[in-house]
Amino acid sequence: MLVHVPALLNSEQLAHFRKQLDAGNAPWVDGRVTAGHQGVHVKQNQQIAEGSSTAIELGNVVLAALERHPLFISAALPHRVYPPMFNRYQGGMHFGSHVDGSVRLMPGTGEKIRTDLSATLFLAAPDSYEGGELLIEDTYGTQTVKLPAGDMILYPASSLHQVNPVTRGTRVACFFWVQSMIRDDGQRTLLFDLDNAIQRLTATNADEAARVRLTGCYHNLLRMWSDV
Ligand SMILES: O=C(O)CCC(=O)C(=O)O
Ligand SMILES: [Fe+2]
């Protein structure tokens with residue numbers, strides 16, 4: 001399931017991010033520093049150095065925004081979130097087709113995180129650069145994603161994906177991974193659908209007893225399937 005999470009960051013936050021990331025002393029490095037065997041051959045972009053004060057400060061703003069966003073919580077059912085990273089593509093840079101590594105070590109703690117979901121949070125206005133679409137192969141074919149600044153796409157980390165060459169301007173984004181309480185994408189999608197239906201019943205003040213029972217089913221499925 002692909003989920004578009006709109007307006008994760010507001011315009012003031014975006015302006016602050018862009019200022020920090022555009023600063024002459026922003027610690028941009030070759031993106032291949034964090035690529036695995038597969039990625040290293042197809043990855044051509046730049047990243048803010050992991051663990052730098054810029055990455056930590058901006059990453060914490062993203063983590064706080066995620067915690068407050070009900071759509072993210074409902075769709076991802078997060079257990080752990082990898083510290084957000086930042087990348088950019090310009091002058092023809094691109095990222096060829098790949099699947100993200102399935103298990104990563106959390107910087108600092110060395111704890112393992114299973115990557116169930118991948119996320120890209122767009123930080124540049126779509127008309128400020130040419131190309132840079134994120135192409136994601138899912139069950140229904142290839143989806144082309146290029147979102148307004150501040151919006152995020154969540155997709156199964158098991159999907160093949162790539163970023164088209166950026167031929168004008170600069171594509172700047174934040175990207176990270178989520179280990180979900182629900183490992184299986186099909187089960188997670190079902191819980192997301194059920195949660196949405198319950199939210200609608202709540203909004204319409206429909207049969208209260210039925211809503212309580214459905215909410216019980218939601219939690220009992222979550223209890224049955226979650227690993228925490
Ligand atoms: O830039 C993006 O939107 C995706 C980056 C990516 O696929 C990766 O770093 O593995
Ligand atoms: Fe990727």
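As the structure lists them, so they are numbered: ligands from 1, and atoms in each ligand from 1.
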Problem - Interfacing atoms of ligand 1 (cut-off 4.0 Å, heavy-atom, H161) - result: 7 (O)

Handout entry: atom 10 (O) of ligand 1 [closest protein heavy-atom partner, distance rounded to 0.1 Å]
Key = D100 OD1, 3.0 Å

Problem - Non-hydrogen side-chain atoms of L191 and W225 separated by less than 4.5 Å - result: yes

Practice task
For the residue pair F95 and H98, categorise the inter-ring angle as parallel (less than 30°), tilted (30 to 60°) or perpendicular (more than 60°).
Solution key: parallel

Problem - Test log, rule ring pair (Phe, Tyr, Trp, His ring centres under 6.0 Å), inputs Y155 and H161 - result: CA-CA 10 Å; Y155 58 100; H161 57 280; 5.1 Å; yes

Exercise for the section: May I ask which of W177, Y155, Y89 has a heavy atom nearer to atom 1 (O) of ligand 1 than the others do? Expected result: Y89

Problem - Flag side-chain contact, heavy atom, 4.5 Å: K112 against M106 - result: no

Practice task
Answer yes or no for M85: is there a heavy-atom contact with ligand 1 below 4.0 Å?
Solution key: no

Exercise for the section: Mind listing the closest non-hydrogen atom pair of L58 and F86 along with its distance? Expected result: CB-CZ, 3.5 Å

Handout entry: atom 3 (O) of ligand 1: the protein heavy-atom neighbour that sits closest, reported with distance to 0.1 Å
Key = T120 OG1, 2.8 Å

Problem - Aromatic Y129 / basic R168 pairing, under 6.0 angstrom, 45° off normal - result: no

Problem - Location of contacts on N45 toward ligand 1, heavy atoms closer than 4.0 Å - result: neither

Problem - Contact check, H98 vs ligand 1, heavy-atom distance below 4.0 Å - result: yes

Handout entry: For atom 6 (C) of ligand 1, closest protein heavy-atom neighbour
Key = F95 CE1, 3.6 Å

Handout entry: Angle at the Fe ion (ligand 2) (to 10°), with one arm to OD1 of D100 and the other to NE2 of H161
Key = 100°

Problem - Distance (rounded to the nearest 0.5 Å) between N87 CG and I48 CD1 - result: 10.0 Å

Fill in the blank from the handout: For N87, the ligand 1 atoms with a heavy-atom partner under 4.0 Å come out as 1 (O), 2 (C), 5 (C)

